[in-house]
Amino acid sequence: MTSLATAAALLGGAVLLVPLFKKAGLGSVLGYLVAGVLVGPSVFGVVHEPETVLQTAEFGVTLLMFLIGLELQRERLWALRRSIFGVGALHLLVCSAALAALAWWANLRPAGALIVGIALAMTSTAFALPALAERGETDSEHGREAFSVLLFQDLSVIPVLALVGVLAAATGSSAQAQTIGWPALAAVVGVALLGRPLLSLLFKFASKCGSHEIFTAAALLTTVGLAWLMTQVGLSATLGAFVAGVLLADSQFRHQLEASIEPFESLLLGLFFMAVGMGVNLDLLRRAPVAMLGLAVAILAIKAGVFYAVRRWVTRAPDRLARPAALALAVGGEFAFVLLSAAQSAKLISAEESEVIALAVVLTMVLAPLLWVLNDRVLVPHFVKDDEPPPFDRIDDPGTPVIIAGFGRVGQIVGRVLNMRQIRFTAVDASPDHVDSIRRFGNKIYYGDATRLDLLRAAKTADAALFVVCVDDVQASLAIVRLVRQHFPGVKILARARNRVHLMELRELGVTAPIRETFAGSVELARHVLRDLGEPDERIERTLTTFVEHDHEMLDRAQAVFRDEAQLIALAKTARAELDSILREDAALDGRSDRQSPELAVASTSKESTS
C-alpha cells in the first residue's frame, strides 16, 4: 500500500474512533490504540511494518518531553522538590520491588527480574498527562503529584540504562552492554553550561526574522538537535528534548515555543499510540488470552495498590490525593519498551519474555481508561467517602488591624501591598490544599472557615479595623458579611464582588463600596484598545469617564429592582440605549470639533446647551 494510502488509513482511523471513545468517557488514548490495532498487521493489515511508523511517532514523545521541560521553571521545580525526589523515588523503589518479585516468581533470572520490575514500574508520561488534562485535573493536587512522580521516572531512565550495563557485565551476559561514560557526562555538562545563552541567541535571531514558520523551525531544530546529540553519546533522545525544555523554561520565548510545538506534539503523540496499537501481537493474545489479560490486570493492580497503600498508610496522604494519583500512575510506560529492548540486547531476558512483557504493557494502556470509568461510576458514587478535613489551625496572632478572608489571587495582592507598608494582617482560607500551596512559598496563612463564628472570634475580629472579604465563592462571601455585620458591627467591611449581582447583594447587606474584581482592569484594557486604534487621549478619557459614570448610575438604579428579573432586564435595555445615545452625541460633537475651528466649536456647543 502506498504511503498516501497508509496516511489516509491512519488519519481516518483516528478521526473516526478517537471522538467516539472520548464521547464514551474512555479517553482519546484508548481510541488511538484501538485504531492502531485495527490498521495494524493483526487485523486489516493496512500497515505491515509498525516499527517504521513507531520510529517516526516516537518523535511525539520527544516533543512531549520538551514541553514538560518548558514547564519546569526554577521556582516550580523547587516547589515540587519533595514530591519529585521523595514521593517519586519512593513510588519507583516500592513498585519496582513488588513487580521484580512477581517477575522472579515467574522464573526470570534475578538480574532480568530486577530490570523487568523497574520497566513495569515506569508509567507512560504520554498517557497519564493527556488523560489528566482531558479530565481537567492537571493543576489539581493529585495532578501535580502524578507529574512529579512521572518526572522522577523520566530522570531515572538514564541511570537504569547504566544499571543494565552493570548487570550484564556482572553476569557475563553480554560484552556489548550499554554503558554511560565520559562523553555522556561531558555532553550533559556542556549543554547545561552553554545551552541557555546559545539557545537565547538562536531564538532572538529567529524572532527578528518576523516569520512564525522560521521560529517554529528553530524550536524543532532545538528539540531534534539536542535529542540527536544525546543519542550520539549513548543517552536517550527524550533526555535531550527534556534538557532543551528546561534550559528554555525561564526564557522570554517560553509561551511562544509552547504554541509552536504543541500542534506537532499532539499529532505525533496520537501517531505514537497508534503505532503501539499496531504492534500488539494478537496471535499471542489469542493463544493465551486469560494469562495475558491476567498479567496486565496484575500489573495495574500492583502499581495502583502499592502507590495507594504507601501514600495512605506510610505518608498519611488523604484518599482524595492518593486514589486518583494511584489510578493515573497504574498504566505501563513507553520507557518500558526502551528498557526491555536494552535488557534483551544485554541477554538479561529472552526475546520471548520481552514480547510477553511488552504485550502486557500495551494491554495496561488499553485497560487503564477503564480504571477511571470504574472509579467515576462505581467507586466514587457508592464506596468513596470524603475524607474528614484536617482540623482548623489555632490562630495565635495577638490581633491585627486587618483580617483577610480568602487568600487567593485577590487576597494575596492585598496582602502583598500591606506587607510593603509593614501593616500586619491575619489571612485565613478554607481550602487545605490552597493553604499548603501558599505555605510552600513562605507565606503565613491560617487554615480555617471564615463563615464560622468561633474562627472569627479566635482571629480577634472585634479588635480589627478592617475585615476584607476576598473569598471566591459568592454564597460564602455573603455568609461571612452577614456574620461580621451581626456580631462585630464596629468593624468596617471591604468586599470583593465577582459580578454585578454579587455587588448588589453585598450593598444590600450594608457593604458600602464593594469592589468588582474585573471592572477596573477591564476599563484599563479598553483604554489600551482605544489608544492602539489611534484614538486621541482626550477623547479616550471622555469616553471612559462617561462609561464609568453611567455604569455607576445604572448600578444605583438597578439596586432598587435587582430582585425583580423582569424590571432588571427592562432597565438593562434602557441603560444600553441611553449609553448609545450619549456616546453617539459625543461622537457627533467630536466630528464637528474636528471640522471646525476651536472658536466655532465652542460657539456651537454653547448654542446646543441653550436650546
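What's counted below: heavy atoms across the whole structure, side chains too, no hydrogens, waters or symmetry copies. Positions are given from 1, in the same order as the sequence printed here. The structure displayed is predicted, hence computed values, not measured ones.
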TODO: Apply side chain to side chain contact (heavy atoms under 4.5 Å, CB included) to Phe147 and Ile84, showing your working.
DONE: CA-CA 8 Å; Phe147 172 82; Ile84 295 172; 5.9 Å; no
Task: Sidechain-backbone polar pair: Asp473 side chain, Ala476 backbone, donor-acceptor under 3.5 Å - done: yes
Task: side chain to side chain contact (heavy atoms under 4.5 Å, CB included) partners of Leu494, counting only residues at least two apart - done: Leu466, Lys492
Task: Within-4.5 Å side-chain heavy-atom neighbours: Leu63 and Leu220 - done: yes
Open item on the list: Does anything in residues 399-425 form a salt bridge (Lys or Arg N to Asp or Glu O under 4.0 Å)? List the pairs, not counting sequence neighbours.
Closed with: Arg409-Glu517
Open item on the list: My understanding is that only residues two or more places apart in sequence, or in another chain, count here; which of them pass side chain to side chain contact (heavy atoms under 4.5 Å, CB included) with Phe205?
Closed with: Cys209
Task: Sub-4.5 Å side-chain heavy-atom contact between Val87 and Phe152 - done: no
Open item on the list: In the structure I gave you, are the side-chain heavy atoms of Thr543 and Thr545 within less than 4.5 Å of one another anywhere?
Closed with: no
Open item on the list: Any salt bridge linking Asp472 with Arg496? Criterion: basic side-chain nitrogen under 4.0 Å from a carboxylate oxygen.
Closed with: yes
Open item on the list: I'd like to check Tyr446 versus Thr426 (side-chain heavy atoms, cut-off strictly below 4.5 Å). Are they in contact?
Closed with: yes
- [ ] Could I get the full list of side chain to side chain contact (heavy atoms under 4.5 Å, CB included) partners for Val468, not counting sequence neighbours?
- [x] Val402, Ile404, Cys470
Open item on the list: Applying side-chain hydrogen bond (donor to acceptor under 3.5 Å, both in side chains), can you list everything that pairs with Ser477, at least two apart in sequence or on another chain?
Closed with: His502
Task: With Glu538 via salt bridge (charged side-chain N to carboxylate O under 4.0 Å, His left out) - residues at least two apart - done: Arg542
TODO: Please identify each residue that fulfils side-chain hydrogen bond (donor to acceptor under 3.5 Å, both in side chains) with Asp551, with sequence neighbours left out.
DONE: Arg500, Arg516
Task: Pairs where residues 451-471 contributes a residue and the test salt bridge (Lys or Arg N to Asp or Glu O under 4.0 Å) is met, not counting sequence neighbours - done: Arg452-Asp454
Task: Which residues share a salt bridge (charged side-chain N to carboxylate O under 4.0 Å, His left out) with Asp537, sequence neighbours left out - done: Arg531
Task: Residue list, side-chain hydrogen bond (donor to acceptor under 3.5 Å, both in side chains) with Ser431, at least two apart or on another chain - done: none
Task: Residues that Thr461 engages under side chain to side chain contact (heavy atoms under 4.5 Å, CB included), provided they are two or more places apart - done: Ile403, Leu456, Ala459, Phe467, Phe488, Val491
Task: Summary of side chain to side chain donor-acceptor pair (under 3.5 Å) pairs that have at least one residue in residues 479-489, sequence neighbours excluded - done: none
